[in-house]
Amino acid sequence: MSPAGWEAVIGLEVHCELLTATKLFCGCRNAFGDEPNTNVCPVCLGLPGSLPVLNERAVEFAMRIGTALNCEIRPSVFHRKNYFYPDMPKDYQISQYDEPINVDGWLELPDSTRVGIVRAHIEEDTGKTTHVGGGGRIHDAAHALVDYNRAGVPLVEIVSAPDIRSADQARLYAAELRAILVASGASDGRMEEGSMRVDANVSVRRYGSDEMGTRCEVKNLNSLRSLGRAIEHEIGRQVAVVESGGAVAQQTRHWDEAKGVTVALRSKEEAFDYRYFPEPDLVPLAPDRSFRQRAVAGMGPMPAERRRRLVALLAGEVSASGLDQVATVVELDLDGLVAAAIEAGIGPALALARTANEAAADAEGTRHLDPGAYVKWLRMENDGILSATQAKAVLAELLDRGGDPAEIAAAKGFEAMAEDSLVAVVGEVVTRSPAEWERYCQGDEKLAQFFIGQVMKATRGKASGKAVVAELKRLSAGA
Amino acid sequence: MTREDAAYVARLARIDLTADELDLYAGQLAAVLDHAAQVAAVDTSGVAPTAHPIPLSNVLRPDEPRGSLDRGEVLAQAPAVEDGRFRVPRIMGEAP
């Protein structure tokens with residue numbers, strides 16, 4: 001929330017690494033975590049005489065991202081962005097400048113708000129610099145070490161319009177974008193490995209004003225949590241500056257996660273002047289219709305569409321918390337399992353809740369389960385064969401070791417009580433407690449818990465609470 | 001093109017120039033810009049910009065790994081090395 005009377009105006013720049021096998025302009029491997037400087041060649045080291053050749057798969061992934069973000073895909077040109085910094089041995093980065101491949105799109109948040117996408121262009125990543133000495137702080141470092149494995153890795157930079165109004169919305173946008181990138185197959189969206197990196201442009205203005213305040217760019221946001229915290233802090237800082245009669249200075253600020261503040265980097269002696277010019281070693285890119293179609297072939301529906309489909313399947317059985325659960329299962333790529341379960345006749349509320357809660361706790365494991373086994377597991381609880389507690393224990397085992405849910409249940413001693421033996425036990429319990437039974441029959445439903453407890457005791461926990469209640473109701477209706 | 005402009009461009013390119021050289025290059029760069037201004041004066045409305053002198057587009061390579069260089073050989077070219085990485089002087093400020 002912005003301080004009263006103030007509104008934040010936020011735009012995000014997201015860099016995402018593409019899931020290609022090789023770099024953008026050379027055949028070196030694009031791999032995270034390899035030994036430093038083992039994936040380098042004359043092209044990505046900027047050795048004289050080497051020439052870049054564009055990776056076709058990277059272009060396909062860029063077009064997938066553009067399509068998923070509802071962009072217009074256009075003919076594009078590569079430029080050199082010139083600067084002197086040891087993270088790029090060429091002393092320039094190849095990027096797209098005034099003619100990017102994707103322009104004018106939008107992204108829909110789970111609450112149906114649309115955030116504009118200004119552009120999503122292709123560029124190469126830089127090398128990884130590690131500052132040594134001075135506790136790793138840039139300012140105090142004695143020297144730096146550079147690993148060029150990342151130099152030349154293909155990136156798409158996605159620039160949003162300044163349509164975002166709060167830290168929460170910025171987090172939602174980044175989460176949605178990550179889900180879209182993953183669903184498009186173009187990126188793994190892993191912020192912790194740096195394959196998705198977010199910078200935030202933040203400014204503030206009086207509520208109701210149309211003017212744009214002076215913005216600051218906040219960097220070093222390595223998780224959705226830091227993104228939210230950093231923006232929250234930056235909004236408060238800028239409002240405090242203006243309210244105390246000052247003016248916000250346009251600057252780049254670094255998020256200090258430990259201290260929870262943004263700090264201005266050493267002020268630049270002059271604004272960067274990158275002297276962009278067309279990259280003479282690369283020809284223009286003008287994907288024709290068939291190339292575009294080939295790129296997006298096999299791309300499944302995006303999260304917003306998947307949420308709509310799942311809500312439709314829930315057939316009106318969806319509450320506000322249900323909508324959150326829908327967003328969760330789609331984000332975790334578990335919506336297919338929920339749909340399969342509902343289509344197989346499992347109660348929609350149960351299928352959604354178990355998937356958004358219990359299964360979501362190990363989404364990775366759940367994605368690797370056989371959908372048939374998952375539906376079978378849900379059916380055991382749905383049909384009252386397993387209690388909720390038992391079902392959770394069976395799922396844990398299923399995720400841990402795999403196998404057949406029914407066999408796991410049997411091995412745990414959860415085997416379903418034969419219906420006639422349950423009927424017999426309930427009958428006995430009822431006969432043993434005539435006073436409680438009388439009250440139950442007169443409508444005191446709390447007594448159901450008492451009888452469930454008695455049945456559980458008699459069966460050492462094997463009965464399903466749901467099945468006991470069904471039998472109690474049947475008996476009392478006939479009483 | 002003033003002397004200050006020439007000094008600015010030289011600084012961006014990390015080239016140290018003497019006062020005499022600045023005067024010399026400011027004059028030469030001014031002549032280059034004058035020539036470009038003549039070209040720019042031509043009416044090019046209705047002419048598509050030339051993105052590249054060679055009429056080619058979509059030069060692509062398949063996404064297939066090719067061997068990288070031997071790390072020992074690569075690092076042997078560097079003035080300073082530490083932990084398998086290029087060792088560079090202390091950097092002022094953040095990457096642009």
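In this text the structure is predicted, and so the values were computed from the model without any measurement. Here is the naming used below: chain letters follow the sequence lines, and residue numbers restart at 1 for every chain.
Inspection of the A:T20 and A:N30 side chains reveals an N or O donor paired with an N or O acceptor under 3.5 Å. A:D34 and A:N149 share no side-chain donor-acceptor pair at under 3.5 Å. Counted by atom type alone, A:E17 and A:S195 present zero donor-acceptor pairs between their side chains at under 3.5 Å. Side-chain contact annotation: A:N201 with A:D199, donor-acceptor N/O pair under 3.5 Å absent. Counting only N and O atoms by type, the side chains of A:Y276 and A:D98 include no donor and acceptor under 3.5 Å apart.
Per-residue heavy-atom pair counts under 4.5 Å with chain A were compared for B:A78, B:A80, B:P62, B:G84, and the maximum is reached by B:G84. Contact tally against chain B (heavy-atom pairs below 4.5 Å) for A:N55, A:L45, A:V53, A:T38: the top residue is A:N55. In terms of non-hydrogen atom pairs under 4.5 Å with chain A, the most contact-rich of B:P55, B:S57, B:G67, B:P53 is B:S57. Interface check for chain A: of the options B:D63, B:L75, B:L69, the most heavy-atom pairs under 4.5 Å are formed by B:D63. Ranked by heavy-atom pairs under 4.5 Å with chain A, the list B:Q77, B:R66, B:R87 is led by B:R87.
At a 4.5 Å heavy-atom cutoff, the contact between A:T130 and chain B is made by side-chain atoms alone. Within the 4.5 angstrom heavy-atom criterion, atoms from both the backbone and the side chain of A:E35 approach chain B. Interface remark: B:E64 contributes backbone atoms only to the contact with chain A (heavy atom separation under 4.5 Å). Proximity to chain B involves both the backbone and the side chain of A:P36, based on heavy atoms less than 4.5 angstrom apart. Contacts of A:V59 with chain B are made by side-chain atoms alone, with heavy-atom separations under 4.5 Å and no backbone atom involved. Using a 4.5 Å cut-off between heavy atoms, A:V77 contacts chain B through its side chain alone, with no backbone atom that close. With a 4.5 angstrom heavy-atom cutoff, A:P280 touches chain B only via backbone atoms. Only the backbone of A:F25 comes within contact range of chain B, with heavy atoms under 4.5 Å apart. Interface remark: A:C26 contributes backbone atoms only to the contact with chain B (heavy atom separation under 4.5 Å). Looking at B:V74, the atoms closer than 4.5 Å to chain A (heavy atoms on both sides) all sit in the side chain, from C-beta outward. Using a 4.5 Å cut-off between heavy atoms, B:P89 touches chain A through its backbone atoms (N, CA, C, O) alone. With a 4.5 angstrom heavy-atom cutoff, A:K23 touches chain B only via backbone atoms. Only the backbone of A:L282 comes within contact range of chain B, with at least one heavy atom under 4.5 Å from a heavy atom of that chain. Within the 4.5 angstrom heavy-atom criterion, only backbone atoms of A:L24 (N, CA, C, O) approach chain B.
Ring geometry for A:Y85 against A:Y83 counts as tilted: the plane angle lies between 30° and 60°, on a 0 to 90° scale.
Side-chain contact between A:H15 and A:E123 is present, with heavy atoms from C-beta onward closer than 4.5 Å. Contact annotation: the side chain of A:E217 approaches that of A:E13 to within less than 4.5 Å [non-hydrogen atoms, C-beta and beyond]. Between A:H79 and A:H121 there is no side-chain heavy-atom pair separated by less than 4.5 Å. Residues A:H143 and B:E82 meet the side-chain proximity criterion, which asks for heavy atoms closer than 4.5 Å.
For the pair A:R57 and A:F61, the cation-pi test (distance below 6.0 Å, angle within 45°) is passed.
Put simply, CD on A:Q93 and CG on A:D87 are 8.0 Å apart, with the number rounded to the nearest 0.5 Å.
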